[in-house]
There are 2 protein chains.
Amino acid sequence: MKSLKIAGKTGECEIAIGQSIEDIKINAEKLVVITDRNVKKFHGERFPEAEIIEIGLGERIKTLDTVSTLYEKFLDMELDRSSLVMGIGGGIVCDVAGFAATTYMRGVNFGFVPTTILAQVDASIGGKNGVNFKGYKNMVGTVQQPRFVLCDVALLKTLPEKEVRNGLAEVVKQAAIGDAALFSFLEENVEQTLLLEAEIMEKIVHDSIVIKTKIVEKDETERHERMKLNFGHTIAHAIEKTAGISHGEAVSIGMIVESKISVANGMMKKAELERLKGLLEKIGLPTTLKANISDAIRKDKKRRGNVVKMPVLNGIGDSKIIDLRVEDLEAVVNDMC
Amino acid sequence: MKSLKIAGKTGECEIAIGQSIEDIKINAEKLVVITDRNVKKFHGERFPEAEIIEIGLGERIKTLDTVSTLYEKFLDMELDRSSLVMGIGGGIVCDVAGFAATTYMRGVNFGFVPTTILAQVDASIGGKNGVNFKGYKNMVGTVQQPRFVLCDVALLKTLPEKEVRNGLAEVVKQAAIGDAALFSFLEENVEQTLLLEAEIMEKIVHDSIVIKTKIVEKDETERHERMKLNFGHTIAHAIEKTAGISHGEAVSIGMIVESKISVANGMMKKAELERLKGLLEKIGLPTTLKANISDAIRKDKKRRGNVVKMPVLNGIGDSKIIDLRVEDLEAVVNDMC
């Protein structure tokens, strides 16, 4: 088992990687678990004793209406500040549970047991949470560290293959922006990774979280440094909305589109773009773009005035933030459609 | 003009008392003002140049639906992190605007120009914001300092007399929990206060804010010290819901009920309870209770398990937090109905 700590302005978060969900210790007068049907079906028997709230499945339930339903259940269960809310599930469960917990009574204690790769390395880490609004991703939310995140890699074994590939898109992103050694490790161990071998997964999840926590500690509320974590996401959020593909697939395509901007601007070698493309394709992720996404880009929440602040690669394992005019971004995108 | 600063964990807030709204300086690419019909009618001509969003009137619009409407307008206006949201109005406008601003895009810059006594001394100060849920007050919200609060006492001149009395209930509360000199000043200057004489109001607003800011700086997220500010409110929130009276009237009654608990427990002299009652009555506020509020108390958000944490007076100008069993509180309340 490995452990990490995030000491953020909004609180401290203990992260345990490789611990079993059955060994979790609860220090609260009342425990409320938020989960979904699938997670409960596969892992419900291993949950700690708690009142359980099931939310629906899929991105379309990541809304204020779902949060409002949670508030109602919290009220019925007489949840209060001595209680603990635990999200057990993927990124959607964690994002929704975190937003509900940080706003109910202006904030009750909460923690996560993420059950997907995506949630273990990304969604559950860093204190961001929230919901979509009018189809725009994560338009409403808060920044607040959970008390704990428990990453039990055994939970990943029940994931569908597509979900494994999606999660690995974020792992590749994390490695690409900040850890060339992890990137090489992934290149050398694609097969074992796709088979979710426990030892390999513990290393990958741990190293990915380290990259994210280092960045989050420098910049919790995303004024600059934290934006690096959005590598691939400026495009991804727009594609997800218009093309209806999964987040991981969208991030994979987004990383390639955004790296072409790096290459075009002389920041990154073409050979490194090819390495990135090669790894994504070995994992089984898409790398080409087919959709008009200009309108969605214009409303993307990372925009400041008519300039997009966007993270790009200087090369594998090294990234920075640049200002790109929306028109220039649109031109690159339209060129590729 | 007087100025103060709150240096909270969630940000720094500059407070200006006695500055004119017309002298306000805006440092943002886009300014969005949230206000209501009445405030716009009386003071709209003095607003800085901005896109204006009017919300409805009264406690019943302090809901997630109203916040959702604001998100929609923010999206239409292409509000982003370089923009500033300014709430100009009473406590409801400030609470709703603050919650929308702290959650849209996980937080955009915001500030307040409170236009009622209640909002100047209480609602706009301290970083708490939020909305009601299923009739329970402030059940959903966040804690985040606004960038600034500008208290222009000239704006108070258009307030209806009832609103003046309501606001003074919070001033009396502030003095009672932490400033015996302000309490005496109020006793000596009730008439000039009710006439809203500018010099008197500047002093009262300033001194009240000082009491609140001192407490907020010690305890921003309400683990203990900040609870003192809820003197009168355990009962008030319950009465407001069930008896349909105004917040100020409810706080006035709440202070008396809660002080009777102090007197009964030997923490406060009966003569001081009489002083408190005397001042409230001179202001024209009610001091007796007629409603069954046990159910509402049980669901009050200050509750931890079956114990209510409640601030009570040790005497005029001095307060502390006690743990009271819900049954004991209900017994005192039922005794008074």
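Computation of the quantities below employed the complete heavy-atom set of this structure, encompassing side-chain atoms and omitting hydrogens, waters and symmetry-equivalent molecules. Order of the sequence lines fixes the chain letters, A, B, ..., with proteins taken first and strands second; residue numbering starts at 1 for each chain.
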Asks: Are there over 12 heavy-atom neighbours, none belonging to A:Lys30, within less than 6.0 Å of that residue's NZ?
Replies: yes
Asks: Report which part of B:Thr142 has an atom under 4.5 Å of a heavy atom belonging to chain A: side chain, backbone, both, or neither.
Replies: both
Asks: Can you confirm whether more than 12 heavy atoms, excluding those of B:Lys73, are under 6.0 Å from its NZ atom?
Replies: no
Asks: Which value, rounded to the nearest 0.5 Å, describes the distance between A:Tyr104 atom OH and B:Met139 atom CE?
Replies: 3.5 Å
Asks: Before you tell me yes or no, could you show the steps for B:Lys9 and A:Lys9 under side-chain contact (heavy atoms from CB on, under 4.5 Å), namely the whole-Å CA-CA distance, both residues' side-chain angles and the distance that decides it to 0.1 Å?
Replies: CA-CA 8 Å; B:Lys9 271 189 214 166; A:Lys9 272 189 212 165; over 6 Å; no
Asks: Within the distance-only criterion (no hydrogens, no angle test), does the side chain of A:Arg106 pair as donor or acceptor with the backbone N or O of B:Asn129 below 3.5 angstrom?
Replies: yes
Asks: Let me see the working for B:Glu72 and A:Phe133 under side-chain contact (heavy atoms from CB on, under 4.5 Å), right down to the final yes or no.
Replies: CA-CA 8 Å; B:Glu72 261 180 72; A:Phe133 188 76; 3.8 Å; yes
Asks: Would you mind checking which part of B:Ser83 comes under 4.5 Å of any heavy atom in chain A, side chain (CB onward), backbone (N, CA, C, O), both or neither?
Replies: neither
Asks: If I measure from the heavy atoms of chain A, does B:Phe74 come under 4.5 Å with its side chain, its backbone, both, or neither?
Replies: neither
Asks: Rounded to the nearest 0.5 Å, what separates atom NZ in B:Lys309 from atom OG in A:Ser82?
Replies: 10.5 Å
